[in-house]
Amino acid sequence: MSRPESLTISVVTPSYKQPGWLRLCAASVADQGAPGVEIEHIVQDSLSGPEIAEVLKAFPQAKLASEKDQGMYDAIRRGWDKATGDVFCWLNCDEQYLPGMLEKVADYFRDHPEVDLLFADAVVVDGAGAYLCSRQVLAPELYHTWTWQLHTLSCATFFRRRLFREQGFALDSRWKDVGDAALIVQMLRRGVQTGVLRAYTSTFVDNGENRGLRPAAIQEHNDLADEAPAWARTLRWLWLGWHRLRRLAHGLYHPKSFSYEIYTESSPQKRVRFEVTQPTFYWKARMG
């Protein structure tokens, strides 16, 4: 298989009444791209009102689609239905891509034609953009993901178009909190080839309202785990132990110093640089 000269990445942003965050998100997509890499940005908004269109006036390359949806995963599915790229991904309003990272994603897919599902690292930050922790990933394994939870972040996950157009995968809108995990479980069950890009591609905001810790989300995690085979659920502690050994073997409990640049509320037009001299893998989940 020859290496394609050009590649288009379609980014879908599900949106509902978050114009401030969307401004920063759209800026982080707008300054991506490179020779041979085209970026398509679709903002799938659930009838938030005129503020969203006003924000996107500054980003003419972003395409706004306004229609009522059934939640975040349904909005992403609608956006992907409109997408024309070779690679699909999604970036929530309060997330950002780091400089030049979509070019690295495109290069990885061009260099690894066998990989259909790519995972990368992400930086967890607070609402002001300050560092909280590093989220370095391993390629998920089926039974750990199914019986525990997905330990990758959607803002640093990338899919080839053919997974959806040719192989029939789709986000299931019945899930409101674990739709990404359910999708990855589907793909792992069918043997989709995965890869890992060892680079921080994105930022994820922990603003103290971790929806993954809400009772409804915990119930969904349990419901998804209940769909796993009984023998796999019985061995769930084995899957967790193996996952931790894999992380230890890859050195992921000792991240190295680095820096990142993002847009912030106080600097929406120019990226701000943050130096991380004491990185940590430990994510202290917060509520309220």
Side-chain angles (χ1 to χ4, degrees), residues 4 6-15 21-22 24-34 36-45 59 61-63 65 72-113 115-123 135 137 139-140 150-167 169-172 179-184 186-188 192-205 262:
S6 63
L7 187 145
T8 299
I9 298 179
S10 294
V11 182
V12 168
T13 296
S15 164
W21 286 119
L22 179 60
L24 308 182
C25 171
S28 81
V29 177
D31 67 6
Q32 301 288 325
V37 183
E38 297 292 330
I39 307 299
E40 176 182 54
H41 190 193
I42 300 170
V43 177
Q44 186 71 37
D45 182 68
F59 308 100
Q61 79 290 342
K63 305 173 185 176
M72 179 178 71
Y73 296 118
D74 183 49
I76 296 162
R77 181 190 59 77
R78 289 168 183 264
W80 281 349
D81 284 347
K82 301 175 179 69
T84 63
D86 306 289
V87 172
F88 289 2
C89 51
W90 86 79
L91 192 68
N92 292 324
C93 286
D94 58 354
E95 298 166 344
Q96 295 184 43
Y97 288 128
L98 296 176
M101 285 299 109
L102 292 186
E103 181 182 9
K104 287 185 178 294
V105 169
D107 285 342
Y108 187 98
F109 276 112
R110 282 193 287 235
D111 292 339
H112 299 82
V115 171
D116 281 345
L117 174 57
L118 179 63
F119 301 96
D121 301 334
V123 184
R135 201 67 172 173
V137 300
L150 183 64
H151 279 264
T152 59
L153 291 176
S154 61
C155 60
T157 303
F158 306 88
F159 309 82
R160 282 200 196 269
R161 169 193 176 97
R162 62 191 179 211
L163 290 171
F164 305 98
R165 296 290 195 266
E166 300 171 19
Q167 299 184 35
F169 289 106
L171 283 162
D172 187 343
D180 51 343
L183 178 63
I184 299 304
Q186 286 183 50
M187 292 181 175
L188 294 177
V192 168
Q193 183 68 44
T194 63
V196 170
L197 173 61
R198 184 59 69 216
Y200 295 108
T201 61
S202 324
T203 58
F204 174 96
V205 172
I262 59 173

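Excluded from the calculations below are hydrogen atoms, water molecules and symmetry mates; all remaining heavy atoms, backbone and side chain alike, are included.
- Qualifying salt bridge (charged side-chain N to carboxylate O under 4.0 Å, His left out) partners for Arg165, counting only residues two or more places apart in sequence or in other chains: none.
- Contact detail for Ile76 and Val12: the closest heavy-atom pair is CA-CG1, 4.0 Å.
- Between the side chain of Ser15 and the backbone N or O of Asp45, no donor-acceptor pair lies under 3.5 Å.
- Summarising the geometry of Arg135 relative to His151, their closest heavy-atom pair is NH2-ND1, 3.4 Å, with the distance given to 0.1 Å.
- Put simply, CG on Leu118 and OG1 on Thr152 are 10.5 Å apart, with the number rounded to the nearest 0.5 Å.
- In terms of modelled atom types and a separation under 3.5 Å, the side chain of Gln61 and the main chain of His41 share no donor-acceptor contact.
- For the side-chain hydrogen bond (donor to acceptor under 3.5 Å, both in side chains) test, no residue two or more places apart in sequence or in another chain qualifies with Tyr108.
- A 4.5 Å side-chain heavy-atom check between Leu117 and Thr157 finds at least one atom pair inside the cut-off.
- Annotation: side chain of Phe158 is in contact with side chain of Thr201 (closest heavy-atom distance under 4.5 Å).
- Of all non-hydrogen atoms in Ala27 and Phe59, the two that sit nearest each other are CA-CE2, 3.5 Å.
- The line from CD of Gln186 to CG of Asp172 is 7.0 Å long, rounded to the nearest 0.5 Å.
- The heavy-atom pair separating Gly79 from Ile42 by the smallest distance is O-CD1, 3.6 Å.
- Sorted pairs that involve residues 86-105 and meet salt bridge (charged side-chain N to carboxylate O under 4.0 Å, His left out), not counting sequence neighbours, are lacking altogether.
- Put simply, the side chain of Arg160 gets close to the backbone of Phe109: a donor and an acceptor are under 3.5 Å apart.
- Looking at Asn92 and Cys25, their side chains never come closer than 4.5 Å, going by heavy atoms from C-beta outward.
- Closest non-hydrogen pair, Ala120 versus Ala199, comes out as CB-O, 3.8 Å.
- A distance-only check finds a donor-acceptor pair linking the side chain of Trp80 to the backbone of Cys89 [under 3.5 Å].
- For the pair Val11 and Gln32, the minimum side-chain heavy-atom distance is 4.5 Å or more.
- Between Leu183 and Phe164 the shortest side-chain heavy-atom distance falls below 4.5 Å.
- Phe169 contributes atom CZ, which lies 12.0 Å from atom CZ of Arg162 (distance to the nearest 0.5 angstrom).
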Pair Ile184, Phe119 - check side-chain contact (heavy atoms from CB on, under 4.5 Å), show working. CA-CA 11 Å; Ile184 299 304; Phe119 301 96; 4.1 Å; yes
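- Qualifying side-chain hydrogen bond (donor to acceptor under 3.5 Å, both in side chains) partners for Asp31, counting only residues two or more places apart in sequence or in other chains: Tyr263, Arg271.
- Here the side chain of Arg161 pairs no donor or acceptor atom with the backbone of Ile9 at under 3.5 angstrom.
- Note that the CZ atom of Arg110 and the CG atom of Leu7 stand 6.0 Å from one another [nearest 0.5 Å].
- Within the 4.5 Å cutoff, side-chain heavy atoms of Trp21 are placed close to those of Val205.
- Using a 4.5 Å heavy-atom threshold, the side chains of Ser28 and Leu91 count as touching.
- You'll find the side chain of Leu153 stays beyond 4.5 Å of the side chain of Ser202, heavy atoms only.
- Electrostatic pairing of Arg77 and Asp74 counts as a salt bridge here, judged by a charged N lying under 4.0 Å from a carboxylate O.
- A parallel orientation is assigned to the rings of Phe159 and Trp90, their planes being inclined by less than 30° (bins at 30° and 60°).
- For the side-chain hydrogen bond (donor to acceptor under 3.5 Å, both in side chains) test, residues two or more places apart in sequence or in another chain that qualify with Tyr73 are Asp180.
- The backbone N or O of Ile262 sits nowhere less than 3.5 Å from a side-chain atom of Gln96 that would complete a donor-acceptor pair.
- Residues satisfying the side chain to side chain contact (heavy atoms under 4.5 Å, CB included) test with Glu38, not counting sequence neighbours, are Thr8.
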Does the pair Asp81 and Arg78 meet the rule for a salt bridge (Lys or Arg N to Asp or Glu O under 4.0 Å), with working shown? CA-CA 5 Å; Asp81 284 347; Arg78 289 168 183 264; over 6 Å; no
